[in-house]
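Since the structure comes first, as structure tokens, the remarks are kept for the end.
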Amino acid sequence: MQEATLENSLGSAISRDIRALREQMGSWLERNWPGVELANLGVPTGSGASSELLLLTLGGQYATYAVPETLIARISPAWSVYPTTDIDLQAQCMNAAANFSDAPVPRVFAVESGASNELGRPFLLMERLEGRGAPDIPSYVLEGWLYQLDPASQSRVWRNGVSAIATLHQTDVRAGGLGEDCRLPSSGDTSLQRMLSYWSLYLEMVERGGDYPILRQAVDWLHVNAPVMESSEGLVWGDASLRNMLFKSLQPAALLDFEFAHVGLQHFDIAFYAVMDWVMASGFANDAPRLPGFPSIPATLDYYEELTGSRVSNRAYLCTMALTYSALSTTRVYQRLESAGNIAPEDVRTNPPLRMLESVLQGQTLPD
């Protein structure tokens, strides 16, 4: 698949008339925050593959409601990437992290959990935090500000990302009101069992759009080889990736994309952070090397242990789980692109994380 096609397809999930959206959002503001005006509405660059994102600039009496002048609207997609979408849980997890940790997580100011509103879909309005991102396309492993940094600075960026995850994991879930109802909506007595049940739900959803033996094999392998996990239960970001961070200088200024956030197995986050960068290089950038300053997967997990005092055991298992998640979610996104006629069915069956997962299941070891 040509990179331009992928960029155009994944760059934004916005598919509706911006003028109509402006009128709808203006009506919502008038109903919920009387005196607040919609001065401008736009689509952020790289709006995302799993949600519609809108940039709102407010006018009028917005200060009366203790909201900032600029907000981001995250609209639940018509084509869901996840088996379940709980926008209330997203907002609850984000506000818990923003208010009860030092992690740079946007605050949420409003939530519409139902579809009976002016926009016709659930959405939330959240704080806009500024910073530079690590883009998918063109990949940050091939060009851009991260690529241009010297190795020592790249290492600091990577380690600062690990530190941000560790800080997020310090969220006081009790003070933030994150109880048992904030766990994954799946069966099981432990965090790992609930996550495994969730992968089975995910597989069922993806298989409704096609047959993917590698995904079936991977989910079965995770069930059969499930260890006893030592990780404590806490706030899980769910999509902890360099791609979902914004930076000022070399420090994370925003952690984004909390659609899979929940209370559960925290060590999943750091495994995904390490593995997803490997996927970006070896998968989406066609076997390009990782940036020279980025520590290895084992060194990344070691550094997380050093910061948190929490031992990350069963590392190969966690990393295989993270790669399985990447393959499940990417396959689902690619199914949307196929249904829209943007890519061929073969592109779905051979998407980069799925190919990498097949190699790992056939015995390829994770890179040092």
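Bear in mind the structure is a predicted one, so any value in this text is a computation, not a measurement.
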Exercise. How about Phe260 and Tyr325: are their ring centres within less than 6.0 Å of each other?
Worked result: yes

Problem set entry | Under 3.5 Å: donor-acceptor pair, side chain of Tyr212, backbone of Glu207 | no

Problem set entry | Name of the residue among Arg183, His267, Gln266, His169 meeting side chain to side chain contact (heavy atoms under 4.5 Å, CB included) with Val236 | Gln266

Exercise. CD1 of Ile72 to CG of Leu125: how many Å apart, nearest 0.5 Å?
Worked result: 10.0 Å

For this session: Using modelled atom types only, decide if a donor and an acceptor are shared between the side chain of Glu118 and the backbone of Gln24 within a distance under 3.5 Å.
Result: no

Exercise. Within the side chain of Trp278, is there an N or O that forms a donor-acceptor pair under 3.5 Å with the backbone of Gly283?
Worked result: no

Problem set entry | Neighbour count above 12 (heavy atom, 6.0 Å) for Tyr147 OH | no

Problem set entry | Transitive ILVMFWY side-chain link Leu146 to Leu255, under 4.5 Å | yes

Problem set entry | Residue Arg31 excluded, over 12 heavy atoms near CZ under 6.0 Å | yes

Problem set entry | Polar side-chain atom of Asp220 near backbone of Gln217 as donor-acceptor pair, under 3.5 Å | no

For this session: Without swapping roles, check the side chain of Glu259 against the backbone of Gln90 for a donor-acceptor pair under 3.5 Å.
Result: no

For this session: First locate atom OG1 of Thr190, then atom CG of Leu265, and finally report the distance between them rounded to the nearest 0.5 Å.
Result: 8.5 Å

Exercise. Below 4.5 Å, heavy atoms only, C-beta onward: do Leu55 and Leu41 meet side chain to side chain?
Worked result: no

For this session: Go through the steps for Leu71 and Tyr62 under the test side-chain contact (heavy atoms from CB on, under 4.5 Å), then give the verdict.
Result: CA-CA 11 Å; Leu71 293 172; Tyr62 60 87; over 6 Å; no

Exercise. Roughly how far, to the nearest 0.5 Å, is CG of Leu54 from CG of Leu119?
Worked result: 7.0 Å

Problem set entry | Enclosure of Asp181 CG (heavy-atom neighbours >12, cutoff 6.0 Å) | yes

Exercise. Less than 6.0 Å separating the ring centroids of Trp158 and Tyr273?
Worked result: yes

Exercise. Given side chains that start at C-beta, do those of Ser186 and Leu201 come closer than 4.5 Å, heavy atoms only?
Worked result: yes

Exercise. Taking side chain as C-beta onward, heavy atoms only, is Val224 less than 4.5 Å from Trp221?
Worked result: no

Problem set entry | Charged N-O contact under 4.0 Å between Arg349 and Glu346 | yes

For this session: For residues Leu56 and Met25, determine if any side-chain heavy atom of one lies less than 4.5 Å from a side-chain heavy atom of the other.
Result: yes

Problem set entry | Of all pairs that satisfy salt bridge (charged side-chain N to carboxylate O under 4.0 Å, His left out), the ones with a partner from residues 263-287, not counting sequence neighbours | Asp277-Arg290

Exercise. Is there a side-chain contact between Pro106 and Val108 (heavy atoms, below 4.5 Å)?
Worked result: no

Exercise. Distance from Phe272 atom CZ to Leu323 atom CG, nearest 0.5 Å?
Worked result: 9.5 Å

Seminar exercise, completed: From the list Thr330, Leu328, Thr324, Ile214, side chain to side chain contact (heavy atoms under 4.5 Å, CB included) partner of Leu354 resolves to Ile214

Exercise. Quick one: does Val333's side chain get under 4.5 Å of Asn351's, heavy atoms only?
Worked result: no

Exercise. Can a donor-acceptor pair be found between the side chains of Thr85 and Ser76 at a distance below 3.5 Å?
Worked result: no

Exercise. Is the Phe268-Trp237 ring centre distance short of 6.0 angstrom?
Worked result: no

Seminar exercise, completed: Sequence neighbours excluded, the answer for side chain to side chain contact (heavy atoms under 4.5 Å, CB included) partners of Ser153 is Leu149, Asp150, Arg156, Leu250

For this session: Step through the shown structure and confirm whether more than 12 heavy atoms of other residues, nucleotides or ligands are within 6.0 Å of CD on Glu127.
Result: yes

Problem set entry | Side-chain donor or acceptor of Asn314 paired with backbone N/O of Tyr317 under 3.5 Å | no

For this session: Determine whether Pro298 and Arg315 make a side-chain contact, defined as any pair of heavy atoms from C-beta on separated by less than 4.5 Å.
Result: yes

For this session: Taking the six-membered ring for Trp and the full ring for Phe, Tyr or His, determine whether the centres of Tyr198 and His262 are under 6.0 Å apart.
Result: no

Exercise. Do Leu235 and Phe100 share a hydrophobic cluster, counting only Ile, Leu, Val, Met, Phe, Trp and Tyr and linking them when any side-chain heavy atoms are less than 4.5 Å apart?
Worked result: no

Problem set entry | Contact check, side chains of Leu291 and Tyr140, non-hydrogen atoms, under 4.5 Å | yes

Problem set entry | Arg194 side-chain N/O to Gly188 backbone N/O, donor-acceptor pair under 3.5 Å | yes

Seminar exercise, completed: Note: with side-chain heavy atoms under 4.5 Å as the link, the other cluster members for Leu246 come out as Leu256

For this session: Mind checking the OH-OG spacing from Tyr202 to Ser329? Nearest 0.5 Å is all I need.
Result: 4.5 Å

Problem set entry | Asp257/Arg74 salt bridge by N-O under 4.0 Å criterion | yes

Exercise. When hydrophobic residues are tied together by side-chain contacts of less than 4.5 Å, even through go-betweens, does Leu222 share a cluster with Met195?
Worked result: yes

For this session: Would you confirm whether Glu233, through its side chain, and Ser191, through its main-chain N or O, come within 3.5 Å as a donor-acceptor pair?
Result: no

Exercise. Taking the six-membered ring for Trp, are the ring centroids of Phe123 and Trp28 within less than 6.0 Å of each other?
Worked result: yes

Exercise. Going by atom types only, do Ser200 and His223 share a side-chain donor-acceptor pair under 3.5 Å?
Worked result: yes

Problem set entry | Path from Val105 to Leu129 over hydrophobic side-chain contacts below 4.5 Å | no

For this session: Verify, without hydrogens or angle tests, whether Asn117 (side chain) and Gly120 (backbone) share a donor-acceptor contact under 3.5 angstrom.
Result: yes

Problem set entry | Polar side chain donor-acceptor pair, Asp88 to Ser113, under 3.5 angstrom | yes

Exercise. Okay, side chain of Ser249, backbone of Gln251: is any donor-acceptor separation there less than 3.5 Å?
Worked result: no

